[in-house]
Novice: 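Sharing a structure with you now.
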Amino acid sequence: MATETDTRHEQQGGVPAEAGPPEIETIGEGLETEELILNLGPQHPSTHGVLRLVLKLNGEMVVDCVPVVGYLHRGLEKIFEWRTYQQGPRYADQADYVSAMLNEHAYCGAAEAIAGVEVPRRAEFLRVIVDELSRSASHCIWLGTYGLDVGATTPFLWCMRDREYILDILEEICGSRMNHNYYRPGGLLYDFPQGVLGKIERFLDGWEKSIDRDYREILEGNEIFLERTVGIGVIPKEVAVQYGLTGPMARGSGVDWDLRRDRPYSIYPELKTLKPVVFSEGDAFARYQVRVNEMKLSIALIREAIDKLPAGPVRSRQGHVWKCPRGEAYYTVEGAKGEVGFYMISSGGSNPDPFRAKMRGPSFMNLQILPWLLKGRLIADLVAILGSIDIVLGDVDR
Amino acid sequence: MAVDQKPPARPIHFEISDALKQRPTTTQTGLGAPDYVAPTPGAIANEDNVVFATVKDLMSWARSRSPWPLGYGLACCAIEMMAASASHHDLARFGAEVFRSSPRQADVMIVAGTVTHKMAPRLRRLYEQMPEPKWVIAMGNCASSGGEFWDSYATLQGVDTVVPVDVYVPGCPPRPEALIEGILRLREKIFRGG
């Protein structure tokens, strides 16, 4: 029989993969209370939107957790069937709305794969630049709101400040702050305007310093932040693979899997600075480190893409109607949260819209591990664990 | 289904008849809005610095200075709502940055995002949990009229079918400046006793 300190330490330190979540009875003998059903959400400040969790509690321990999703289900996949290929990226924006460019990339990639159209080289480089900017904006939002979740307000203000710079750049490029609608099947809507590349470089120079000087110092130098994240929500490598986690969730658990390298698309194979960020601890702090280091990786990738940027057209086929032959394709993009995939079927003929477009939302897949993570944990850790998954409810419900 | 064929409108079954009868007149930002009228204080001061005012005017003045919103983020607009309250746009300049998590402490419900049929009864319940007086801002095209989800089977075609809306803020999503403009319009309306 272990002492209470030992079990508590074991509970925070990690769960062996084969053992599964710890049993409730080991926490404290004779301390069981009557089971309480607590309803968290759908309107709750820390569920990152409209997620609803039905929690079964024993004292302060979570016995069971049932996520109820669908409060933001807007029928996007049905809408894709009614919209032409040019209108589709606008709706793909709405899924993961904090990193909209990556969804557009997956949608257009699937349409191009069916049609077998080569995208101009300059367009691929510009796509990488806006993709990485969009990923940085998403990680900024995550870091800011995660700071709020665990009780720090200042990182939120700093992250939103830097995100405004990114959004200014994206607005100058495509005319919209959030739902960009910049991709088109076969390329991009139009080229970058004059002077944007210099603006991006100036922003990156300042932001690179701000990541180390501001974000990391205020969070990693804070005892409360470390106490609430280190050893909390540990996902072993095997469990991460079993649950199909992707993105920073998998790479925080030591799974060396980055679609930009392992299933190469666009011009990522040509970029020398692409080294996936992997941390093996598997706790919330490791996922924090993955995302912060991915910001710096994005900076390096954007710089290299700007250096190698060729001249040329940005759209392979002009015109108002894009038609695909009969066929199907699955195209994946390494999104800010994980694998963003589009499975698209075209019925061919003169149809200007896809017959079916299934979207794989990384947030939905990553959310599945939440009941496993929460079983036997303290309710105070719930928000820290949920925040570290980085869900966007538009991507969960679609 | 072809793109230009709009499916027939589906009736939405909520018990909202009472609320619809009591709907106040709405103001709208952007096109078609009434001309800007500078708020004139309803108080008269004489030479001895004694202020005469009606209680109603004083209450309206006090209420209009600091409307506390309910933190009710639904979709993309919620991110812009956060951006409006964060460092760059700083909603605190207008006294509306205190996002309450409980409807019992809120004055203004900013419906930021797409309202689905599954969410609509919860929205109505949150509205009823807010204490009087209360106001509603419909932020974004989805909340205002259904927006780009006009033919979706799952979304509500405008939040004004469920709760009475005071200010509509168009945009997809509206810029933070547009939300601030909407809050200022609401302040005018509250000041005039709305």
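Everything numeric in this text was worked out from a predicted model, so none of it was measured. As a basis for the values below, the full set of heavy atoms in this structure was taken, side chains included, without hydrogen atoms, waters or symmetry mates.
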Novice: Quick one: side-chain hydrogen bond (donor to acceptor under 3.5 Å, both in side chains) partners of Arg360(A), sequence neighbours excluded?
Specialist: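 Arg360(A) satisfies side-chain hydrogen bond (donor to acceptor under 3.5 Å, both in side chains) with no other residue.
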Novice: Around atom CZ of Arg213(A), are there more than 12 heavy atoms from other residues, nucleotides or ligands closer than 6.0 Å?
Specialist: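 More than 12 within 6.0 Å, yes.
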Novice: Ignoring hydrogens, what is the shortest heavy-atom contact between Gly70(A) and Thr116(B)? Give both atom names and the distance.
Specialist: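 Nearest heavy atoms, Gly70(A) then Thr116(B): O-OG1, 4.4 Å.
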Novice: Which residue out of Leu72(A), Ile79(A), Asp93(A) racks up the most heavy-atom pairs below 4.5 Å with chain B?
Specialist: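 Answer, by heavy-atom pair count under 4.5 Å with chain B: Leu72(A).
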Novice: When you look at OH of Tyr165(A), are more than 12 heavy atoms from neighbouring residues, nucleotides or ligands closer to it than 6.0 Å?
Specialist: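 No, not enclosed.
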Novice: Check whether any side-chain heavy atom of His44(A) sits under 4.5 Å from a side-chain heavy atom of Ser101(B), and report yes or no.
Specialist: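 Not in contact.
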Novice: Apply the test side chain to side chain contact (heavy atoms under 4.5 Å, CB included) to residues Leu70(B) and Gln43(A): give CA-CA distance (whole Å), side-chain angles for both, the deciding distance (0.1 Å), then the verdict.
Specialist: CA-CA 10 Å; Leu70(B) 172 69; Gln43(A) 191 263 330; 3.9 Å; yes
Novice: Search all heavy atoms of Trp82(A) against all heavy atoms of Asp151(B) and return the closest pair with its distance.
Specialist: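 Nearest heavy atoms, Trp82(A) then Asp151(B): CZ3-O, 2.8 Å.
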Novice: Let me confirm one number: the NE2-CG distance from His88(B) to Asp168(A), rounded to the nearest 0.5 Å.
Specialist: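 Atom-to-atom, His88(B):NE2 and Asp168(A):CG are 6.0 Å apart.
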Novice: So Arg177(A) and Glu80(B), do their side chains get closer than 4.5 Å, heavy atoms only?
Specialist: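 In short, these two side chains touch, coming nearer than 4.5 Å.
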Novice: With sequence neighbours excluded, give me every salt bridge (Lys or Arg N to Asp or Glu O under 4.0 Å) pair touching residues 108-120 of chain B.
Specialist: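 Counting only pairs at least two positions apart or across chains, no salt bridge (Lys or Arg N to Asp or Glu O under 4.0 Å) contact touches residues 108-120 of chain B.
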Novice: Are there more than 12 heavy atoms of other residues, nucleotides or ligands under 6.0 Å from atom CZ of Phe364(A)?
Specialist: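 No.
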Novice: Quick one: does Met160(A)'s side chain get under 4.5 Å of Met82(B)'s, heavy atoms only?
Specialist: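 In contact.
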Novice: What are the two closest non-hydrogen atoms of Gly75(A) and Ala154(B), and how far apart are they?
Specialist: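 That would be N-CB, 4.4 Å.
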Novice: Tell me if the CZ atom of Phe94(B) is crowded by more than 12 foreign heavy atoms within 6.0 Å.
Specialist: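 Enclosed: over 12 neighbouring heavy atoms sit under 6.0 Å from CZ of Phe94(B).
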Novice: Counting heavy atoms not belonging to Glu217(A), are there more than 12 under 6.0 Å from its CD?
Specialist: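 No, CD of Glu217(A) has 12 or fewer neighbouring heavy atoms, counting only those of other groups under 6.0 Å.
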Novice: Does any heavy atom of chain A fall under 4.5 Å from the side chain of Ala78(B), the backbone, both, or neither of them?
Specialist: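 Interface part for Ala78(B): neither.
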Novice: Please examine the side chains of Pro42(A) and Arg122(B), heavy atoms only from C-beta on, and report whether any two atoms are closer than 4.5 Å.
Specialist: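 Answer yes - side chains close enough.
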Novice: Evaluate the side chain to side chain contact (heavy atoms under 4.5 Å, CB included) criterion for residues Tyr71(A) and Leu74(B): first the C-alpha distance (whole Å), next the side-chain angles of each, then the deciding distance (0.1 Å), finally the verdict.
Specialist: CA-CA 9 Å; Tyr71(A) 287 98; Leu74(B) 292 167; over 6 Å; no
Novice: If you tally heavy-atom pairs under 4.5 Å against chain B, which of Arg74(A), Glu164(A), Arg161(A) wins?
Specialist: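 Winner by heavy-atom pair count: Arg74(A).
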Novice: In sequence, state the C-alpha distance, the side-chain angles, and the governing distance for Cys76(B) and Gln94(A), and then conclude on side chain to side chain contact (heavy atoms under 4.5 Å, CB included).
Specialist: CA-CA 7 Å; Cys76(B) 338; Gln94(A) 295 276 351; 3.2 Å; yes
Novice: Ignoring hydrogens and geometry, is there a side-chain-to-backbone donor-acceptor pair from Tyr91(A) to Glu148(B) under 3.5 Å?
Specialist: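 Checking the backbone N and O of Glu148(B) against the side chain of Tyr91(A), a donor-acceptor pair under 3.5 Å is found.
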Novice: Could you check if a side-chain atom of Cys172(B) sits within less than 4.5 angstrom of a side-chain atom of Arg90(A), using non-hydrogen atoms only?
Specialist: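 Yes, close enough: below the 4.5 Å cut-off.
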Novice: Under 6.0 Å between ring centres: does that hold for Tyr153(B) and His73(A)?
Specialist: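 Judged by ring-centre distance (under 6.0 Å), Tyr153(B) and His73(A) do meet the cut-off.
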Novice: Any salt bridge linking Arg175(B) with Glu171(A)? Criterion: basic side-chain nitrogen under 4.0 Å from a carboxylate oxygen.
Specialist: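 Yes, Arg175(B) and Glu171(A) are salt-bridged.
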Novice: Rounded to the nearest 0.5 Å, how far apart are CD1 of Ile79(B) and CG of Leu167(A)?
Specialist: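 Between atom CD1 of Ile79(B) and atom CG of Leu167(A) there are 10.5 Å.
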Novice: Pick one of side chain, backbone, both or neither for Leu123(B), based on which atoms fall under 4.5 Å of a heavy atom in chain A.
Specialist: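 The answer is neither part of Leu123(B).
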